[in-house]
Amino acid sequence: AGWKTIEAPLHPSEHLEEMVERVVLVDCLTLWLTNFMLEYKVFSLTGEVITAHERITAAEQASDAIKQEIETMIAQWNTTFVFVTNEIGSGNHASDAVSRTFVDHQGWLNQFVASKAKLVVHMVSGCPNVVKKFDDSGRGAKGSWMTQDDKDDAKLLDTFLSSRSMTMDSKGYFMVKLDENRIVAS
């Protein structure tokens with residue numbers, strides 16, 4: 001079988017016949033959204049002036065278009081998709097409106113894909129953190145969701161990643177303290 005690379009900056013669904021009964025790695029949602037935002041003129045690489053209203057409208061159109069593309073792809077029942085993305089909303093806030101628009105839409109795209117997925121894994125330095133898993137293996141209740149411990153771990157991770165009050169020490173580490181399922185930023 002082996003790997004087959006399909007370079008499709010906007011519409012990989014045009015290649016669905018090549019994806020039948022395969023595992024398809026889509027790498028990555030962040031670059032893919034960038035391509036759609038360029039296509040819909042959310043921002044320009046040539047210095048073209050885009051008004052706030054044009055940017056907001058174009059960003060919504062780009063987001064709708066990529067979501068429709070994802071829906072088209074995942075409707076193919078005999079293909080397994082693995083989507084790679086970046087968590088770009090956990091760091092510093094973007095300093096300009098264009099960057100904030102991109103970060104917001106990337107976050108919403110990640111949420112959209114996660115809502116469709118049976119398994120969502122957040123990787124940090126090669127360590128997997130399961131955020132969502134849906135068991136359809138036939139053991140136990142069909143389609144049972146995460147255990148309570150899994151949910152607690154996911155909530156703790158979400159709280160940690162959503163904390164905006166963390167500061168970096170002189171060595172470049174973020175200082176946090178876990179205290180009985182609470183995160184205290186220092």
Side-chain angles (χ1 to χ4, degrees), residues 3-20 22-76 79-126 129 131-132 157-168 172-174 185:
W3 285 97
K4 179 174 185 165
T5 300
I6 298 172
E7 293 190 24
L10 293 172
H11 301 288
S13 67
E14 294 173 355
H15 303 274
L16 284 176
E17 67 282 351
E18 298 174 61
M19 299 178 195
V20 173
R22 307 222 30 197
V23 175
V24 176
L25 176 66
V26 178
D27 190 5
C28 79
L29 292 177
T30 308
L31 181 57
W32 195 12
L33 180 62
T34 301
N35 292 340
F36 268 98
M37 289 206 165
L38 284 167
E39 181 74 13
Y40 281 83
K41 298 191 181 339
V42 175
F43 44 82
S44 168
L45 297 179
T46 61
E48 178 183 346
V49 176
I50 300 167
T51 68
H53 176 72
E54 291 170 331
R55 183 186 70 255
I56 291 166
T57 301
E60 290 171 0
Q61 292 170 341
S63 288
D64 290 345
I66 195 170
K67 287 176 185 176
Q68 182 56 54
E69 183 67 13
I70 290 168
E71 289 280 9
T72 300
M73 291 172 62
I74 65 174
Q76 184 159 309
T79 303
T80 299
F81 290 94
V82 177
F83 293 95
V84 176
T85 190
N86 296 289
E87 175 49 64
I88 61 176
S90 293
N92 294 334
H93 289 284
S95 61
D96 61 85
V98 175
S99 297
R100 284 191 299 274
T101 297
F102 182 80
V103 169
D104 287 346
H105 283 270
Q106 180 64 49
W108 295 328
L109 178 61
N110 289 348
Q111 290 175 26
F112 173 78
V113 172
S115 76
K116 305 290 182 182
K118 290 182 180 180
L119 177 65
V120 177
V121 179
H122 180 255
M123 295 291 292
V124 177
S125 301
N129 297 290
V131 176
K132 172 186 172 184
L157 178 64
D158 181 58
T159 301
F160 173 72
L161 293 174
S162 298
S163 175
R164 297 288 194 241
S165 61
M166 296 186 297
T167 56
M168 191 181 300
Y173 294 100
F174 288 101

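Sequential numbering from 1 along the given sequence is applied to the chain's residues.
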All side chain to side chain contact (heavy atoms under 4.5 Å, CB included) counterparts of [X], not counting sequence neighbours:
X	result
D104	W108
T79	M19, V24, Q76, F81
V23	T80, V82
T51	H53, E54

**Prompt:** Partners of H15 by ring pair (Phe, Tyr, Trp, His ring centres under 6.0 Å), sequence neighbours excluded?
**Reply:** none
Would you name the heavy atoms of [X] and [Y] that are closest together and state the gap between them?
X	Y	answer
K132	A117	NZ-O, 2.7 Å
V131	H122	CG2-CB, 3.8 Å
N35	P9	ND2-O, 3.1 Å
P12	M73	CG-SD, 3.6 Å
A97	R55	CB-NH2, 3.5 Å

Could you tell me the separation between the [atom1] atom of [X] and the [atom2] atom of [Y], rounded to the nearest 0.5 Å?
X	Y	atom1	atom2	result
N110	E87	CG	CD	6.5 Å
I70	F83	CD1	CZ	5.5 Å
I74	K116	CD1	NZ	5.5 Å
L38	T46	CG	OG1	10.0 Å

**Asked** Is there any salt bridge (Lys or Arg N to Asp or Glu O under 4.0 Å) pair reaching into residues 9-18, and which pairs are they, with sequence neighbours excluded?
**Response** K4-E18
**Request:** Verify side-chain contact (heavy atoms from CB on, under 4.5 Å) between V42 and I50, making sure each step is shown before the conclusion.
**Result:** CA-CA 8 Å; V42 175; I50 300 167; over 6 Å; no
**Message:** Applying side-chain hydrogen bond (donor to acceptor under 3.5 Å, both in side chains), can you list everything that pairs with S99, at least two apart in sequence or on another chain?
**Reply:** D96
**Message:** Using the side-chain hydrogen bond (donor to acceptor under 3.5 Å, both in side chains) criterion, which residues pair with S125? Sequence neighbours excluded.
**Reply:** none
Could you tabulate the donor-acceptor pairs under 3.5 Å formed by side-chain atoms of residues 26-33, not counting sequence neighbours?
unit_1: T30; atom_1: OG1; unit_2: N86; atom_2: N; d: 3.3
unit_1: T30; atom_1: OG1; unit_2: N86; atom_2: ND2; d: 2.9
unit_1: W32; atom_1: NE1; unit_2: L10; atom_2: O; d: 3.1

**Asked** Who pairs with K67 by salt bridge (Lys or Arg N to Asp or Glu O under 4.0 Å), at least two apart in sequence or on another chain?
**Response** none
**Side chain proximity check, I66 to F112, heavy atoms < 4.5 angstrom** = no
Can I get a per-line list of side-chain donor-acceptor pairs under 3.5 Å for residues 58-65, giving both atom names and the distance, sequence neighbours left out?
unit_1: S63; atom_1: OG; unit_2: A59; atom_2: O; d: 3.2
unit_1: S63; atom_1: OG; unit_2: H105; atom_2: ND1; d: 2.6

**Message:** Go through it in stages, so that I can follow the logic: the residues are V113 and T85, the test is side-chain contact (heavy atoms from CB on, under 4.5 Å), and I'd like the CA-CA distance, side-chain angles, deciding distance and then a yes or no.
**Reply:** CA-CA 10 Å; V113 172; T85 190; over 6 Å; no
**Message:** Is there a side-chain contact (heavy atoms from CB on, under 4.5 Å) between T101 and F43? Walk through the geometry before answering.
**Reply:** CA-CA 10 Å; T101 297; F43 44 82; over 6 Å; no
